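What follows is a set of notes on a single structure, which appears directly below.
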Number of protein chains: 2
Amino acid sequence: MNYPFSAIRQSKVSEDIVEQIKTLIREGQLKPGERLPSERQLAQILEVGRSSLREAINSLAMMGLVEVRQRKGIYVGSVSASLISDPLRQLMASDRDMFTHLYDIRIDIEVASATAAAENRSTEQLGVIASYLASMQDTGHDHSYNPVSDLQFHLAIAEATGNFLRVHIIKEIFDIARSQLHTAIETITTLQGNIDAIFRQHSDIYKAIADKDPSGAGAAMGIHLQWVKSEVNTFL
Amino acid sequence: MNYPFSAIRQSKVSEDIVEQIKTLIREGQLKPGERLPSERQLAQILEVGRSSLREAINSLAMMGLVEVRQRKGIYVGSVSASLISDPLRQLMASDRDMFTHLYDIRIDIEVASATAAAENRSTEQLGVIASYLASMQDTGHDHSYNPVSDLQFHLAIAEATGNFLRVHIIKEIFDIARSQLHTAIETITTLQGNIDAIFRQHSDIYKAIADKDPSGAGAAMGIHLQWVKSEVNTFL
DNA sequence: GCCAGAAACTGGTCTGACCAAAAGATGGGG
DNA sequence: CCCCATCTTTTGGTCAGACCAGTTTCTGGC
């Protein structure tokens with residue numbers, strides 16, 4: 001019964017497309033929130049019919065890897081959306097205790113990311129992390145705070161671990177946090193003392209990763225995020 | 001800001017079709033194994049274009065409610081037609097790399113859980129953890145392996161941290177793992193050496209939590225899950 | 001410089017055509 | 001009358017072109 005043959009299965013075009021895009025997302029070449037070319041363009045690029053392309057996009061949309069917005073475009077979605085089901089997400093936005101729990105999950109993953117990044121980061125990846133650290137501290141002579149660079153710094157660390165799910169989930173939680181806490185965050189990041197503290201903490205994280213010091217990196221990340229958490233809590 | 005209106009959402013044709021067929025199947029008017037009319041006929045009957053009909057069928061196929069056999073026809077799902085769609089599960093099952101990433105997320109969270117549990121566990125919670133540890137090692141004189149107690153042991157630790165999201169996510173990932181890896185898991189857990197190793201690792205985790213040794217608990221949990229991961233990988 | 005109107009673009013839908021494989025119909029030889 | 005090769009029809013898979021209804025972008029007149 002068990003022949004040494006594997007089934008010859010002529011793949012459907014749409015499945016090949018799904019596979020390709022899935023890989024691009026997994027490898028980080030397509031990042032969450034990024035917009036894909038339009039259906040017509042993509043079909044032309046991939047040299048397939050628009051119908052096949054649409055089938056593939058529908059599959060990806062159903063898996064949550066991609067989000068189709070009518071008359072706007074196709075966007076790389078967050079897989080974590082499936083892990084954190086929609087009703088749950090709404091709870092997060094409305095319930096502070098639940099949000100605290102969510103934030104702790106972020107800390108769990110980020111601490112692990114920093115640890116793993118310190119072990120495995122390539123010189124290239126370290127450069128990327130360094131560049132975001134620099135762009136965060138370079139924003140003008142006014143020492144202002146740039147939240148985008150902050151997020152990118154964290155995402156770059158997760159990306160250095162080679163696990164795209166970490167990147168997705170961290171970004172997801174960050175987005176929820178931003179939408180819920182933007183006033184608190186703004187207030188906090190106008191105080192020069194706090195900005196300096198954030199810079200220092202980020203530097204500590206970076207140094208540990210650069211020095212290939214896993215436990216140091218994890219600890220630094222933990223300290224940083226716990227500090228942020230406690231700061232935010234004072235404003236709630 | 002909060003008007004008493006609900007959003008007018010113009011439904012897509014394909015979604016309406018999905019809804020209709022789903023209802024027919026749920027009500028038993030379409031029975032498992034039964035063959036649906038061909039794409040062209042169905043499109044004509046429903047008075048929609050074939051492309052929309054195909055989109056709907058694809059959705060249903062992905063949910064497992066329907067099975068498309070090339071050049072043969074469309075059949076009502078014969079296996080578990082009542083199963084709800086689980087895109088994430090399907091995604092993980094279809095892609096081993098993604099599953100590995102998901103499993104790493106589990107490790108991130110469980111390591112953090114063990115660490116936090118060692119810090120915060122109450123005597124009561126420690127008792128719960130101990131009881132699952134005992135029930136795992138008590139299953140008969142045959143030293144057999146009880147996967148349910150194993151899971152409960154892990155969940156009890158997460159629960160001791162007071163963060164229900166950790167419990168939720170760990171269980172979710174565990175379920176996905178079990179559905180995908182049940183053969184590998186069964187094979188591994190029939191070897192007495194492996195069972196002994198699992199018992200020992202669980203005991204180490206428990207001891208560290210009982211001793212209120214956070215870093216020890218985290219390390220023990222990490223060793224345990226990495227061991228499981230590598231064991232499973234040898235069978236894949 | 002601003003803003004209304006036109007043009008280009010987006011995803012959603014429909015139609016008609018072709019392909020390759022499978023199933024069904026046909027027909028001629030035994 | 002039966003068998004099997006051949007032709008026809010049907011099936012899902014794919015492609016191309018067209019139209020729709022909103023969105024975005026460009027543009028020209030004020």
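Small disclaimer: the values here were computed from a predicted structure and weren't measured. So you know, we letter chains A, B, ... as the sequences are listed, proteins then strands, and number each from 1.
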Exercise for the section: With sequence neighbours excluded, tell me which residues meet side-chain contact (heavy atoms from CB on, under 4.5 Å) with Val167(A). Expected result: Leu155(A), Ala158(A), Glu159(A)
Practice task
Take atom CG of Leu36(A) and atom C1' of dC9(C), then tell me their distance rounded to the nearest Å.
Solution key: 16 Å
Completion exercise
Rounded to whole Å, CD1 of Ile57(A) lies from P of dT14(D) at a distance of 14 Å
Extract all donor-acceptor atom pairs below 3.5 Å that involve side chains of residues 44-53 of chain B and protein atoms in other chains or at least two apart in sequence.
{"from": "Arg50(B)", "atom 1": "NE", "to": "Glu39(B)", "atom 2": "OE1", "distance (Å)": "3.0"}
{"from": "Arg50(B)", "atom 1": "NH2", "to": "Glu39(B)", "atom 2": "OE1", "distance (Å)": "3.0"}

Practice task
Give a yes/no answer on whether the side chain of Gln41(B) brings an N or O atom under 4.0 Å of OP1 or OP2 in dT11(D).
Solution key: yes
Completion exercise
Sorted by chain and number, sequence neighbours left out, side-chain contact (heavy atoms from CB on, under 4.5 Å) with Ala217(A) holds for Ala114(A), Ala118(A), Ala208(A), Ile209(A)
Exercise for the section: Round to a whole Å and report the spacing from CD1 of Ile74(A) to P of dT23(D). Expected result: 18 Å
Handout entry: Reading 5' to 3' through nucleotides 12-17 of chain C, protein heavy-atom contacts under 4.0 Å coded B for base, S for sugar-phosphate only, - for none
Key = BBBB-B
Heteroatom pairs (N/O) under 3.5 angstrom, protein to nucleotides 25-27 of chain D:
none

Fill in the blank from the handout: Between CG of Leu42(A) and P of dT10(C) the distance, given in whole Å, is 11 Å
Exercise for the section: Report yes or no: is the cationic atom of Arg106(B) (NZ for Lys, CZ for Arg) under 6.0 Å from the centre of the six-membered ring of Phe174(B), at an angle within 45° of the ring normal? Expected result: no
Handout entry: ring pair (Phe, Tyr, Trp, His ring centres under 6.0 Å) assessment of His202(A) paired with His154(A)
Key = CA-CA 9 Å; His202(A) 277 209; His154(A) 285 269; 5.1 Å; yes
Handout entry: Phosphate OP1/OP2 of dT10(C) contacted by Ser38(A) side-chain N/O (<4.0 Å)
Key = yes
Problem - Salt-bridge contact Asp16(B)-Lys12(B) (side-chain N to carboxylate O under 4.0 Å) - result: no
Handout entry: Pairing of Lys229(B) and Asp104(B) as salt bridge, 4.0 angstrom limit
Key = yes
Problem - Sequence neighbours excluded, every pair satisfying salt bridge (charged side-chain N to carboxylate O under 4.0 Å, His left out) that has a member inside residues 181-191 of chain A - result: none
Handout entry: Whole-Å gap separating C1' (dG12(D)) and CD (Glu67(B))
Key = 14 Å
